[in-house]
Amino acid sequence: MRIQPIDLDRPGNLITGLHEAYLAGYSGDPGPTISPARFRREIATHTAGERAELWAVVEDGEVVGGYGLSLPQLDNTHMGWLFPLVVRPERRGRGLGSALFEHVLERLRAHERTLLLTETAATGVGARFALAHGMTVSLVEARRTLDLRKADWDALERMLPRVEGYHLERWTGPAGPELIPDLAALMNGMNDAPRDADIEDADFSLDRIRDREESIPYRGLTAYSMIARRDSDGAPAGYTRIYLEADHSTGWGHQADTTVLAEHRGHRLGLLLKVANLLWLREHEPHLERIITWNATSNAHMLAINEAMGFELFDEWNEWRLAL
């Protein structure tokens, strides 16, 4: 068995094969999967903040397994993020997954990284694999969904709080260049979200945010975003975003980051942003059927907002860690 690198500049059919292996390996996941365009951009592309490595095992001309390893460059340069690690279901039970995992650890040591993080559903083959290979749970996350076909829209409109001293701005797709500094400041509000104890604050630089915004169409996505600003000085106070497939190929929307900066908390801006953005999205994307969101189970405040909006528990996932 040979585990071969995928040249990200000239990947040929290996990226397609690894994506197909990922789809086969995650066929039991009832949630949305990653499209080929998103897979190439999010897993198989270097960014301003991360370097990517992809490796594959090919048998009889078919990618039967492989993995993606993301290596932060601006912060947390002691760790690596593993996603995906997959083996086609019909090729399991032959030690291929274990061989790939050992290869991951070799690559981390080669890069002088001392912490590996990954995630799996809380139960099932992925969780059993992580336990068998010495990993421990770092964070428990819940996926919740809101069925837009059954949502109580009148109740959601009544939930909109009256917030004095702030106003909302909104846009679709990537943010314009004038918004990049505001987004960088707002994303720093995510640094107090629950996380592994050995993960340091993320460096949300202007280049990092600009790269993220410019990548949105290349990932096959569009986005609905809102910022809350303080009336008195225009200071950015909070932010939320929902992603969806730009070609309307699925009925899923993805609730991404929602944050309110510490000095602006206590005004119900988080609730205002999430509900207002959802109502706006509904007006323009009637094909959407469900919104999915992730939250640490310890994030009581955001869980309370989601549950009040009608989000229901979909399943639970574990973030796993292994110190090298």
Side-chain angles (χ1 to χ4, degrees), residues 5-23 26 29 31-56 63 66-75 80-84 86 119 170-184 186-187 190 202-227 239-258 277 280-281 284-285 287-288 291-294:
I6 298 177
D7 184 341
L8 300 187
D9 294 324
R10 295 180 296 276
N13 294 324
L14 290 178
I15 292 292
T16 300
L18 185 57
H19 180 259
E20 290 172 352
Y22 150 76
L23 291 177
Y26 280 75
D29 182 357
T33 55
I34 300 175
S35 69
R38 283 183 59 206
F39 193 88
R40 286 176 178 271
R41 180 63 195 186
E42 295 179 6
I43 311 300
T45 302
H46 304 307
T47 69
E50 294 175 306
R51 301 292 292 179
E53 282 193 10
L54 273 71
W55 297 78
V63 176
Y67 70 84
L69 185 61
S70 179
L71 300 165
Q73 301 295 303
L74 302 178
D75 50 60
W81 177 263
L82 174 63
F83 180 84
V86 292
E119 64 185 9
R170 62 192 190 185
W171 71 93
T172 59
E178 73 283 357
L179 289 171
I180 299 301
D182 291 332
L183 284 178
L186 287 164
M187 286 303 297
M190 296 299 299
D203 175 15
F204 292 107
S205 66
L206 296 181
D207 285 344
R208 191 176 199 169
I209 297 298
R210 188 178 297 108
D211 183 76
R212 184 193 69 168
E213 295 301 303
E214 291 175 352
S215 77
I216 290 174
Y218 297 106
R219 289 154 58 196
L221 301 175
T222 189
Y224 283 71
S225 308
M226 279 193 180
I227 283 179
Y239 157 78
T240 194
R241 168 172 283 174
I242 295 174
Y243 287 108
L244 62 148
E245 302 291 336
D247 63 3
H248 294 181
S249 57
T250 78
W252 287 96
H254 302 254
Q255 173 64 61
D257 299 320
T258 298
N277 201 39
W280 179 45
L281 174 76
H284 297 277
E285 304 291 346
H287 77 285
L288 282 185
I291 304 291
I292 192 165
T293 187
W294 298 69

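The shortest distance between side-chain heavy atoms of Leu18 and Val86 falls below 4.5 Å. Inter-residue side-chain proximity for Arg40 and Pro11 is flagged as met; some heavy-atom pair is nearer than 4.5 Å. For the pair Pro32/Ile292, a side-chain contact is recorded, criterion being any heavy-atom separation below 4.5 Å from C-beta on.
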Checklist entry - For Ser205 and Leu74, what are the C-alpha separation, side-chain angles and deciding distance, and is it a side chain to side chain contact (heavy atoms under 4.5 Å, CB included)? => result CA-CA 9 Å; Ser205 66; Leu74 302 178; 3.9 Å; yes

Item to check | Residues Thr172, Glu285; criterion side chain to side chain contact (heavy atoms under 4.5 Å, CB included); working and verdict | outcome: CA-CA 12 Å; Thr172 59; Glu285 304 291 346; over 6 Å; no

Checklist entry - What do the steps show when you test Asn277 against Thr258 for side chain to side chain contact (heavy atoms under 4.5 Å, CB included), and what is the final call? => result CA-CA 11 Å; Asn277 201 39; Thr258 298; over 6 Å; no

Next on the checklist: Go through it in stages, so that I can follow the logic: the residues are Arg41 and Asp211, the test is salt bridge (charged side-chain N to carboxylate O under 4.0 Å, His left out), and I'd like the CA-CA distance, side-chain angles, deciding distance and then a yes or no.
Outcome noted: CA-CA 11 Å; Arg41 180 63 195 186; Asp211 183 76; 3.5 Å; yes

Item to check | Evaluation steps, side chain to side chain contact (heavy atoms under 4.5 Å, CB included), between Trp81 and Glu119 | outcome: CA-CA 9 Å; Trp81 177 263; Glu119 64 185 9; 3.9 Å; yes

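In this structure, His46 NE2 and Ser70 OG are separated by 10.5 Å, a value rounded to the nearest 0.5 Å. Annotation: the span from Glu20 atom CD to Asn13 atom CG amounts to 9.0 Å, rounded to 0.5 Å. The CG atom of Leu244 sits 8.5 Å away from the NE2 atom of His254 when rounded to the nearest 0.5 Å. Here the CZ-CG distance, from Phe204 to Leu183, works out to 11.0 Å after rounding to the nearest 0.5 Å. Here Glu50 contributes atom CD and Leu69 contributes atom CG; the two are 10.0 Å apart, rounded to the nearest 0.5 Å. The CG atom of Asp257 sits 4.0 Å away from the CE atom of Met187 when rounded to the nearest 0.5 Å.
Panel note: side chain Glu213, backbone Ala175; a donor-acceptor pair is recorded below 3.5 Å. A donor-acceptor pair under 3.5 Å links the side-chain atoms of His19 to the main chain of Ile34, judged by distance alone.
Contact between Ile291 and Ile242 at its shortest, heavy atoms only, is CD1-CG2, 4.1 Å. The shortest heavy-atom contact between Ile43 and Pro84 is CG2-CD, 4.0 Å. Of all heavy-atom pairs spanning Leu14 and Pro5, the tightest one is CD1-O, 4.4 Å. Taking each heavy atom of Ile227 and Asp182 in turn, the nearest pair found is CD1-CB, 4.4 Å. Among all heavy-atom pairs drawn from Arg212 and Arg219, the shortest one is O-NH1, 4.1 Å. The two residues Thr45 and Ala52 come nearest to each other via the heavy atoms O-CB, 4.0 Å.
Between the side chains of Asp247 and Ser249, a donor-acceptor pair is found at a separation under 3.5 Å. With 3.5 Å as the limit, one finds a donor-acceptor pair spanning the side chains of Thr240 and Gln255.
In this structure, Phe83 and Tyr22 have perpendicular ring planes: the angle between them is above 60°, well past the 30° mark. The aromatic rings of Tyr67 and Trp55 sit parallel to each other, their planes meeting at less than 30°, with 60° as the upper class boundary.
Figure legend: Arg38 and Tyr243 shown without cation-pi pairing, the cationic atom not lying both under 6.0 angstrom from the six-membered ring centre and within 45 degrees of its axis.
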